[in-house]
Amino acid sequence: PPELKQVLRDAILVGGAAIRISDEPFIYLDKNYVRMFGGVANAVRAAGAVGHRTIAVQVRGETKRVEDEAVEAVSLGATIVMVDTGDTSELARVHAALGAAGCRQQVKLAFGGGIRLGSVGALSRLGADILDIGTEIIDAPIVDFRLDVIA
């Protein structure tokens, strides 16, 4: 219920987890922004023009392989890459590709999509630094409404 949301958020913070993907000021480029800008590269470049913000970008493999989108995003200044597909094999491939490109240490790797609390350890071992488990714990919608921009 909405009246419990803040209590749950406070409990999450006490437990050592974070509510947001970054504590720093950031620009989050979800799939819709990526589509509207015509791809990951254009979206990250546009966000970089704002300046002085952490850039977090969703990669979903819509224009290239998901791992290629991730490496491209980091090469252009993204410091958080969100693999938002729910596919653990894509998380592993992005982790490996960022390592092979020599940029894994400069980026936080986030993962979302169908996460269950019991899978947290395995996802960490696959390279996830940040997990988006909001709908499982705190942000479960009454009506599951999504907006998908179709390019």
Side-chain angles (χ1 to χ4, degrees), residues 5-37 39-141 144 146-148:
K5 194 170 205 170
Q6 190 57 49
V7 172
L8 290 172
R9 286 179 182 260
D10 292 344
I12 289 168
L13 292 170
V14 168
I19 299 298
R20 296 167 48 90
I21 198 166
S22 175
D23 292 332
E24 304 296 321
F26 67 97
I27 296 173
Y28 187 75
L29 301 166
D30 73 6
K31 66 184 179 296
N32 292 316
Y33 289 108
V34 169
R35 289 173 185 158
M36 287 186 282
F37 278 101
V40 168
N42 290 339
V44 172
R45 281 189 196 102
V50 173
H52 307 296
R53 296 279 187 268
T54 293
I55 299 172
V57 62
Q58 266 187 13
V59 294
R60 298 171 55 90
E62 293 187 3
T63 61
K64 300 177 181 183
R65 296 180 317 161
V66 68
E67 58 269 34
D68 295 334
E69 288 180 348
V71 170
E72 180 177 56
V74 174
S75 74
L76 294 169
T79 55
I80 301 173
V81 171
M82 165 62 100
V83 178
D84 191 33
T85 62
D87 184 338
T88 57
S89 69
E90 289 181 342
L91 171 63
R93 289 196 326 262
V94 168
H95 176 67
L98 292 170
C103 57
R104 181 60 183 96
Q105 298 304 314
Q106 68 194 51
V107 63
K108 294 284 186 184
L109 184 53
F111 182 75
I115 296 172
R116 301 288 185 255
L117 291 178
S119 64
V120 169
L123 293 169
S124 178
R125 288 187 293 279
L126 288 173
D129 301 304
I130 301 167
L131 298 174
D132 180 3
I133 54 175
T135 57
E136 291 299 312
I137 296 176
I138 187 86
D139 293 324
D144 191 5
R146 298 174 193 269
L147 173 65
D148 256 342

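The nearest pair of heavy atoms linking Arg60 to Asp84 is NH1-O, 2.8 Å. Residues Ala78 and Val44 come closest through the heavy atom pair N-CG1, 4.0 Å. Between Val57 and Ala73, the shortest heavy-atom distance links the atoms CG1-CB, 3.6 Å. Closest non-hydrogen pair, Ile115 versus Asp132, comes out as CD1-O, 3.6 Å.
Contact check for Tyr28 versus Ile21: side-chain heavy atoms found under the 4.5 Å cut-off. Counting only heavy atoms from C-beta outward, the side chains of His95 and Leu126 never approach each other to under 4.5 Å. In this structure, Val40 and Val59 have side chains that are in contact, with non-hydrogen atoms separated by less than 4.5 Å. Taking the side chain as every heavy atom from C-beta outward, Thr88 and Phe111 approach each other to under 4.5 Å. When side chains are defined from C-beta on, Thr79 does not count as touching Gln106, because their heavy atoms never get closer than 4.5 Å. Side-chain contact between Thr63 and Glu69 is present, with at least one heavy-atom pair separated by less than 4.5 Å.
To the nearest 0.5 Å, atoms CD (Gln58) and CG (Asn32) are separated by 8.0 Å. To the nearest 0.5 Å, atoms CG (Asp129) and CG (Leu123) are separated by 11.5 Å. We find the CD1-NE2 distance between Ile27 and His52 to be 11.5 Å, quoted to the nearest 0.5 Å.
Using a 3.5 Å distance cut-off with no hydrogens or angles, the side chains of Glu24 and Thr54 do not pair a donor with an acceptor.
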Q) What do the steps show when you test Ile80 against Val107 for side chain to side chain contact (heavy atoms under 4.5 Å, CB included), and what is the final call? A) CA-CA 5 Å; Ile80 301 173; Val107 63; 5.6 Å; no
Q. Given the rule in the side chain to side chain contact (heavy atoms under 4.5 Å, CB included) test, do Leu109 and Ile130 qualify, once you have shown the distances and angles that lead to the verdict?
A. CA-CA 6 Å; Leu109 184 53; Ile130 301 167; over 6 Å; no
Q: List the steps, then state whether side chain to side chain contact (heavy atoms under 4.5 Å, CB included) holds for Val71 with Glu67.
A: CA-CA 6 Å; Val71 170; Glu67 58 269 34; 5.6 Å; no
(Q) With side chain to side chain contact (heavy atoms under 4.5 Å, CB included) as the criterion, how do Leu29 and Met82 come out once you've worked through the C-alpha distance, each side chain's angles and the decisive distance to 0.1 Å? (A) CA-CA 9 Å; Leu29 301 166; Met82 165 62 100; over 6 Å; no
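A salt bridge does not link Glu62 to Lys31: none of the charged nitrogens lies less than 4.0 Å from a carboxylate oxygen.
Judged by distance alone, the side chain of Arg93 and the main-chain N or O of Arg65 form no donor-acceptor pair under 3.5 Å. Listed for the Ser124 side chain is no donor-acceptor partner under 3.5 Å among the backbone atoms of Gly121.
Under a cut-off of 6.0 angstrom, the local environment of CG in Asp23 is sparse, with at most 12 non-hydrogen atoms contributed by other residues, nucleotides or ligands.
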